[in-house]
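Just so you know, these numbers use all the heavy atoms, side chains as well, and skip hydrogens, waters and symmetry mates. The shown structure was predicted, so the numbers you read here are calculated from the model rather than taken from an experiment. Counting convention: from 1, in listed order, for ligands and their atoms alike. All residue numbers refer to positions in the sequence shown, counting from 1.
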Amino acid sequence: MAKVLVSDSIDPVGVEILSQVAQVDVKTGLSAEEIIQIIPEYDALMLRSSTRVTKEIVEAGSKLQIIGRAGVGVDNIDVPAATRQGIIVVNSPEGNTIAAAEHALAMMLSLSRHIPDANQSVKANKWERNRFIGTEVYKKNLGVVGLGKIGSHVAAVARSLGMKILAYDPFISKERADQLGCTLVDLELLFAESDFITLHVPKTAETQHLIGRETIAKMKPTVRIINCSRGGIIDELALIEALESGRIAGAALDVFEQEPLGESRLRELSNVILTPHLGASTTEAQVNVAIDVAEQIRDVLLGLPARSAVNIPGLTPDVMEKLRPYLQLAETMGNLVSQLAGGRCDSLNVRLQGELATKDSQPLVIAAIKGLLSQALRERVNYVNAAIEAKERGIRVIETRDASTRDYSGSIHLEANGSMGTHSVTGALLSTGEIRITDLDEFPINVPPSNHMLFTLHQDMPGIIGKIGALLGSFNVNIASMQVGRKIIRGDAVMALSLDDPLPEGLLSEITKVPGIRDAYTVKL
Ligand SMILES: NC(=O)C1=CN([C@@H]2O[C@H](COP(=O)(O)OP(=O)(O)OC[C@H]3O[C@@H](n4cnc5c(N)ncnc54)[C@H](O)[C@@H]3O)[C@@H](O)[C@H]2O)C=CC1
Ligand SMILES: O=C(O)C(=O)COP(=O)(O)O
């Protein structure tokens, strides 16, 4: 039975789902060393933001198939290391959107009305009505940095509070911003005009210290900053200085450069509200993310695709349904062309034809690469690491799409250049779903792939087919099917034979000695 390690606390519903297919061990609070010790036993790892999945943990996880983040941000996982090792990383892109957005809004209103301090004051038997004069958010400018799922929901609610929304997100169109009732602006303007600024971007090299000394200098002295996205997007030291000097009015932070927050001057500041990374901590969100991620882990352990993988192309069920039969075709063609071209391929041209000439068909390119590398890497190559393995081996992959078709609604043409020269194959599917090799080195043929195959390039002349048949017969090799393809009479031709038995040692060189045979290849599919 498969084993799953759950290393952060998740809703029990997640454990229930995982238990359908695996032994589940919930062990929270482990150190990196402890995880490295036990991870080799596990097929899957499920976590939230407390576990840091380092390269060392990934590399120790020799059986790991999937790492599931029960939440959005995967910045605590070394995704490139997982990808290199062929481990799928999944998250729950929407399960905690509302929770995080509501937390940011709660932070904004708490800041503007001094709720936490006022609460403390009353509990300390005081009645300080004059100390806690607030500001209204009505008609104020809210700067939303990152207009994705959480940012959009924050914007929608804030608009209903009567706020004007200035949004910055270089990946969002003006049309989308208009739809959301937001004014898309550049960062300079957002910093200069906002009364409140709320951050909803992922942590990347570009967003690291997006708010720092220089950017704070551009803000209004009355600005209040809310960060419920990731620690490190704000330079904490610069923020502390600005708060201490009164350069800005306040800040509300749910996330920190170091978590848990260690010793920090932030704790001493009165114009700051701090929460311990609670954005996703609602009952509803925790149920959502636990179900979402546990189901994906369960599916992957059962050999099914994951719906929210961050390191393989995302596919809607509709697209997946259409592509599924073609994935095997692409992989078989990749495997075939790699054996014809020989080892050390330096380029692979993938042409997706007919109904496959759409942008959704990217997984077929990955499948073709997986097939190409399968001879060299065997089960080490999968859909996750195929592209990166090809890149690291210096294989240039060129994709083209051609919507025109000849005989089949969709076909895949591959051309590879390797140590045995440049070779090409085309494959298509019959209406029954069976694979046909329809083209070999530009010669038309029509053969099903089989375990043992023999291909020849020869001169089209009387008697040559009989000679090959006789030679195979003399070595007791049974021919299952045979096809000849040629472009012109008595010109060059190819022969494709499906064999019931592997070619015995030495037979291939005998075949190449037959007069008229220019080249011969054996292939195992
Ligand atoms: N505090 C908490 O407990 C939680 C925090 N989060 C964090 O909130 C953040 C946002 O999450 P979602 O809205 O779900 O993600 P999302 O992917 O839907 O939205 C992120 C947006 O940021 C934009 N973006 C990327 N780089 C940018 C840049 N350099 N400048 C401006 N915009 C940029 C993207 O175009 C996208 O629209 C993530 O960092 C996530 O980890 C999410 C859930 C809970
Ligand atoms: O989903 C996210 O990105 C979060 O930050 C939530 O973190 P958590 O799962 O509550 O540790």
* Does an N or O from Ser49, backbone or side chain, lie closer than 3.5 Å to an N or O of ligand 2? -> yes
* Taking all non-hydrogen atoms of both residues, which atom of Ala387 and which atom of Ile366 are closest, and how far apart? -> CB-CD1, 4.1 Å
* Within reach of ligand 2, part of Val255 (heavy-atom separation under 4.0 Å) -> neither
* May I ask you to identify the nearest protein heavy atom to atom 10 (O) of ligand 2, giving residue, atom name and distance to one decimal place in Å? => Arg48 NH2, 2.8 Å
* Could an N or O of ligand 2 be found under 3.5 Å from any N or O of Arg69, whether backbone or side chain? -> yes
* Asked: Taking only heavy atoms of Thr207, which atoms of ligand 1 are found under 4.0 Å from at least one of them?
  -> 28 (C), 29 (N)
* To do: Give yes or no for whether the N/O distance cutoff of 3.5 Å, strictly under, is met between Ala280 and ligand 2.
  => no
* Name the option, out of Asp169, Thr204, Asn91, that contains the heavy atom nearest to atom 37 (O) of ligand 1. => Asp169
* **Ala100, portion touching ligand 2 at heavy-atom distance under 4.0 Å** => neither
* Heteroatom proximity flag, Lys149 to ligand 1, N/O under 3.5 Å -> yes
* Any Lys/Arg nitrogen of Arg84 or Glu392 sitting under 4.0 Å from an Asp/Glu carboxylate oxygen of the other? -> yes
* To do: Would you please determine whether Thr97 falls within less than 4.0 Å of ligand 1 on a heavy-atom basis?
  => no
* Structure fact -> Sorted by chain and residue number, the side chain to side chain donor-acceptor pair (under 3.5 Å) partners of Thr207 (sequence neighbours excluded) come out as Thr204
* Close N or O approach (Val145, ligand 1; < 3.5 Å) -> no
* **Contact atoms of ligand 1, heavy-atom distance to His277 under 4.0 Å** => 1 (N), 2 (C), 3 (O)
* Which ligand 1 atoms does Gly146 reach within 4.0 Å, using its non-hydrogen atoms? -> 22 (O), 32 (N)
* Which atoms of ligand 2 sit under 4.0 Å from any heavy atom of Gly71? -> 1 (O)
* Asked: Which residue owns the protein heavy atom closest to atom 5 (O) of ligand 2, what's the atom, and how far is it?
  -> His277 NE2, 2.6 Å
